[in-house]
Colleague: 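What follows is a single structure, and I will ask about it in a moment.
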Amino acid sequence: MAEPVRVRRLTDQEGQKLQQIVRRGSTSSVRFRRAMMLLASAGGNRVPVIAQLVQADEDTVRDVIHRFNEIGLACLDPRWAGGRPRQLSPDDEDFVVATATTRPTKLGQPFTRWSIRKLLAYLRKVHGRGIRIGREALRGLLARRGITFQRTKTWKESPDPDREAKLDRIEEVLDRFPDRVFAFDEFGPLGIRPTGGAGWAPASHPERHPATCHRTHGVRYFHGCYSVGDDTLWGINRRKKGAANTLAALRSIRAARPDGAPIYVVLDNLSAHKGETIRRWAKKNRVELCFTPTYASWANPIEVPPRVLDSGCLRCGGEVLPEQGSRFERGEVNRSWSGPSQRPRRRLARSMRSPSSSRRLPS
């Protein structure tokens, strides 16, 4: 039997970049959906579940995963274009890109960064090359190669000495015991406020809502629990993060499998998640805590489903009513996600309308 299609193990930089794209959601829809596919696969989800999650064909999901395994993050920007043959040879294009990404001072130039004009002038004077290219053609070449003008930034990678061991354990439990694996994380801060949505309207006449200069409900943190086997998300809003709220969430996860057999919970290594009280309770109740490595929260399977709900429900726009604020204060606003066979959009809409359908965590 062939092995399931899944992405290779992500590097820290790849995981952080995919997580950034999915969380911000401000990029193109193609990059956003492809990043969501890859992040969901890295979290242990199978192709049919991912296809349902992003509303795409299963073959499309497999193609994206295979392409990522071949060329990495470049697969987020598919090159769907034709046109006449380019005037520069591949060697010339490589030379232009190498020059643009090299500091001018290293090439004997009396300035610290390239402008388009300065780069053009230098390329025309290079001995043995004499590359003649227009300003817009140069700009387009750099854009095709993914070269943009940007400020220098810092980088980080996981300093966790047990990084590989932790990732190996998470992959093992996702492969061997998918029906016994759960994930937990906090999302926030969240506030009750109108959020600009989208819809059809006459040109230059969008739907408008009053500004919210007076907000009285503060912020909350959504403590979410996700069942990998059931593809179900539940949770509750709390005023703050803390060991007591984490323990309440773990108890609700244990209650989802009351048979007493071992279960596995993937969560990040926040200090509120690994106190002595939580470790004693987990040992007593046969709950194995699988911590993600430092700076590698992308390995947590719960990273993707709440983002789908955020874009599909929380950002639909509209005015916040007083009763909604009261429900939020009581912790009754819930984001529910269910598997492919249970019509997730209908259940989501129903859970947002009716407080009685929310699953509450034990206090």
Colleague: Regarding D77 and R34, does a basic nitrogen lie under 4.0 Å from an acidic carboxylate oxygen?
Modeller: no
Colleague: For F111, is the NZ or CZ atom of K118 found under 6.0 angstrom from the centre of its six-membered ring and inside 45 degrees of the ring axis?
Modeller: yes
Colleague: Examine the side chains of D92 and S89 and answer whether a donor and an acceptor come within less than 3.5 Å of each other.
Modeller: yes
Colleague: Using a strict threshold of under 4.0 Å (side-chain N to carboxylate O), is an ion pair present between D57 and R62?
Modeller: no
Colleague: Got more than 12 heavy atoms from elsewhere within 6.0 Å of CZ, R103?
Modeller: no
Colleague: Relative to Y221, does R239 satisfy both conditions: NZ or CZ under 6.0 angstrom from the six-membered ring centre, and within 45 degrees of the ring's axis?
Modeller: no
Colleague: Look at R67 together with E70 and state whether they make a salt bridge at an N to O cut-off of under 4.0 Å.
Modeller: yes
Colleague: Can you sort out the partners of T99 under side-chain contact (heavy atoms from CB on, under 4.5 Å), two or more places apart, ordered by chain and number?
Modeller: F95, L107, W114, L119, Y122, L123
Colleague: Please determine if E164 and R9 form a salt bridge, counting it only when a charged side-chain N lies under 4.0 Å from a carboxylate O.
Modeller: yes
Colleague: Report whether I147 and I131 are members of the same hydrophobic cluster (ILVMFWY, side-chain heavy atoms less than 4.5 Å apart, transitive linking).
Modeller: yes
Colleague: Can a donor-acceptor pair be found between the side chains of N269 and T294 at a distance below 3.5 Å?
Modeller: yes
Colleague: Salt-bridge test for D94 and R145: reply yes if a basic N is under 4.0 Å from a carboxylate O, no otherwise.
Modeller: yes
Colleague: Within the supplied structure, the quantity of interest is the number of heavy atoms (other residues, nucleotides, ligands) at a distance under 6.0 Å from R124 CZ; does it exceed 12?
Modeller: yes
Colleague: When you measure from the side chain of T60 to the backbone of A56, do you find a donor-acceptor pair of N or O atoms at a distance under 3.5 Å?
Modeller: no
Colleague: Under 3.5 Å, is there a donor-acceptor pair between the D231 and Y226 side chains?
Modeller: yes
Colleague: Flag yes if Y295 and I21 sit in one hydrophobic cluster, no otherwise; membership is Ile, Leu, Val, Met, Phe, Trp, Tyr, and two members link when side-chain heavy atoms are under 4.5 Å apart.
Modeller: no
Colleague: Looking at E186, K241, R279, which hits side chain to side chain contact (heavy atoms under 4.5 Å, CB included) with H273?
Modeller: E186
Colleague: Tell me whether V266 shares a hydrophobic cluster with L270, the cluster being built from Ile, Leu, Val, Met, Phe, Trp, Tyr side chains joined at under 4.5 Å.
Modeller: no
Colleague: Is there a path of hydrophobic side-chain contacts, each under 4.5 Å between heavy atoms, that joins V97 and V126?
Modeller: yes
Colleague: Is it the case that the side chain of N245 and the backbone of K240 share a donor-acceptor pair, with hydrogens and angles ignored and the cut-off at 3.5 Å?
Modeller: yes
Colleague: Could you state the interatomic distance from SG (C290) to CG (L167), rounded to the nearest 0.5 Å?
Modeller: 11.5 Å
